[in-house]
Amino acid sequence: MTEAPEPGYYEWLDFNAPLSGARADAIARHLAAGQPRTVLDLGCGWGELLLRTVAACAEATGVGVDSAGPGLDRGRATAVARGLGERVEFVEGDCTAPRDPADVVICVGADHAFGDQSAALAALGSFLRPGGRLLFGSGFWRQPPSAEQAAAVGMTPDSLPDLAGLIEIAIDQGFRALAIQSANHDEWEEFESGYLADWEQWLLSYGDRPEAERVRAKADTHRTEWLRGYGGVLGFGYLTLGRPS
């Protein structure tokens, strides 16, 4: 019996966040409206939103920073395929390390690298040029969770604010909210299903292998935590933020 390959690596997802292509394109157009010359994506994964933003602005160049090699390889290949290989660079490293400020900064789902949301927003301001724009994607509670619902995502009920509280944190750090959006039900279902699909597809092909028990347990646990835990309770916001010039 030949050795089974590892399950896929986010192969069924365009974004490692609950985000539709239509919303991503609209965000990219909004970020590009000011004709930025430089775009910086911190915790970029494979940089899909970075690539769409750079593509929406003919003069822009971009840098994506992340610690995960497989995602960066995917981003580089996609950049070349879209004719953006000379304009977008993917860097493996610490996304919190100091870098030259950019006209647009993207940080979606990577605020934990800086600490809590307040600390992340304070730090992200140092990456942004005066008059620039920050796209900040982060979690919030759509409704107060039970201890069990919060624990399903490794949190407690006081780990996150509600959406209004998230915006207030940004304002406290000197930002103004230019656009406020949050992931809808369909985006969450697409994201969670895509996240699980790597394991589920693997199980269809290799479910009789001894190692399948481990993969099956991971998939079943995650699905239960989503559908019986944080689903409909955990929200994800996309805030386009600016600071005075």
Side-chain angles (χ1 to χ4, degrees), residues 10 13-66 68 71-93 95-111 113-114 120-121 123-138 167 170 173-183 187 236-245:
Y10 301 106
L13 289 174
D14 291 331
F15 307 93
N16 191 12
L19 178 64
S20 66
R23 190 189 302 276
D25 286 340
I27 289 172
R29 289 193 299 269
H30 192 185
L31 295 175
Q35 297 299 304
R37 300 298 297 268
T38 53
V39 182
L40 175 64
D41 190 343
L42 299 171
C44 66
W46 49 90
E48 181 63 30
L49 189 53
L50 167 66
L51 293 171
R52 294 188 188 210
T53 303
V54 171
C57 189
E59 302 300 320
T61 61
V63 175
V65 184
D66 205 296
L72 296 172
D73 290 341
R74 173 177 170 179
R76 293 184 186 107
T78 304
V80 170
R82 296 182 189 174
L84 298 172
E86 300 299 318
R87 294 172 55 197
V88 179
E89 177 186 7
F90 287 89
V91 178
E92 186 167 358
C95 68
T96 69
R99 296 185 181 275
D100 292 338
D103 298 318
V104 167
V105 174
I106 298 169
C107 182
V108 174
D111 48 291
F114 298 89
L121 285 160
L124 289 167
S126 68
F127 293 92
L128 195 64
R129 286 181 179 164
R133 298 291 180 261
L134 168 65
L135 190 281
F136 186 66
S138 189
I167 296 162
Q173 292 300 334
F175 292 96
R176 301 302 302 180
L178 300 172
I180 301 166
Q181 303 181 59
S182 61
E187 287 171 313
F236 199 85
Y238 297 96
L239 311 184
T240 303
L241 305 172
R243 270 182 165 171
S245 300

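If you're wondering where the values come from, they're calculated on a predicted model, not measured in any experiment. Index from 1, following the sequence.
Between Val65 and Gly93, the shortest heavy-atom distance links the atoms CG1-O, 3.9 Å. When all heavy atoms of Ala170 and Leu121 are compared, the closest pair comes out as CA-CD1, 3.7 Å. Across Ser126 and Ala123, no two heavy atoms sit closer than the pair OG-O, 2.6 Å. Nearest heavy-atom pair, Pro36 versus Ala60, reported as atom, atom and distance to 0.1 Å: O-CB, 3.4 Å.
Listed by chain and number, the residues in a salt bridge (Lys or Arg N to Asp or Glu O under 4.0 Å) with Arg74 amount to none (sequence neighbours excluded). For Tyr238, the ring pair (Phe, Tyr, Trp, His ring centres under 6.0 Å) criterion is met by Phe236, not counting sequence neighbours. Judged as a side chain to side chain donor-acceptor pair (under 3.5 Å), and not counting sequence neighbours, Arg87 has no contacts. Partners of Glu187 by side chain to side chain donor-acceptor pair (under 3.5 Å), not counting sequence neighbours, listed by chain and number: Ser20, Arg23. With sequence neighbours left out, the side chain to side chain donor-acceptor pair (under 3.5 Å) criterion links Ser138 to Asp111, Gln117. Residues passing the side-chain contact (heavy atoms from CB on, under 4.5 Å) test with Ala26 are Arg29, sequence neighbours excluded. With sequence neighbours left out, the side-chain contact (heavy atoms from CB on, under 4.5 Å) criterion links Ala55 to Leu84. Ser182 pairs by the side chain to side chain donor-acceptor pair (under 3.5 Å) definition with Arg142, not counting sequence neighbours. Taking Ala179 as the reference, His30, Thr240 meet the side-chain contact (heavy atoms from CB on, under 4.5 Å) condition, with sequence neighbours excluded.
Within the 4.5 Å cutoff, the side chain of Thr78 has no heavy atoms near those of the Phe90 side chain. Within the 4.5 Å cutoff, no side-chain heavy atoms of Leu128 are placed close to those of Leu241.
Arg243 places a side-chain N or O within 3.5 Å of a backbone atom of Gln173 that can act as its donor or acceptor partner. A side-chain donor-acceptor contact under 3.5 Å links Arg133 to the backbone of Gly131.
Between atom CZ of residue Phe136 and atom CG of residue Leu124 there is a gap of 6.5 Å, rounded to the nearest 0.5 Å.
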Using distance only, find each side-chain donor-acceptor pair of residues 95-109 under 3.5 Å and give its atom names and separation, not counting sequence neighbours.
{"from": "Thr96", "atom 1": "OG1", "to": "Asp94", "atom 2": "OD1", "distance (Å)": "2.8"}
{"from": "Thr96", "atom 1": "OG1", "to": "Asp94", "atom 2": "OD2", "distance (Å)": "3.0"}
{"from": "Asp103", "atom 1": "OD1", "to": "Arg129", "atom 2": "NH1", "distance (Å)": "3.3"}
{"from": "Asp103", "atom 1": "OD2", "to": "Arg37", "atom 2": "N", "distance (Å)": "2.8"}
{"from": "Asp103", "atom 1": "OD2", "to": "Thr38", "atom 2": "N", "distance (Å)": "3.2"}
{"from": "Asp103", "atom 1": "OD2", "to": "Thr38", "atom 2": "OG1", "distance (Å)": "3.4"}

Would you mind writing out the side-chain donor-acceptor pairs for residues 39-50 within the sub-3.5 Å range, not counting sequence neighbours?
{"from": "Trp46", "atom 1": "NE1", "to": "Asp14", "atom 2": "O", "distance (Å)": "2.8"}
{"from": "Glu48", "atom 1": "OE1", "to": "Arg82", "atom 2": "NH2", "distance (Å)": "3.1"}
{"from": "Glu48", "atom 1": "OE2", "to": "Arg52", "atom 2": "NE", "distance (Å)": "2.7"}
{"from": "Glu48", "atom 1": "OE2", "to": "Arg52", "atom 2": "NH2", "distance (Å)": "3.2"}
{"from": "Glu48", "atom 1": "OE2", "to": "Arg82", "atom 2": "NH1", "distance (Å)": "3.0"}
{"from": "Glu48", "atom 1": "OE2", "to": "Arg82", "atom 2": "NH2", "distance (Å)": "3.0"}

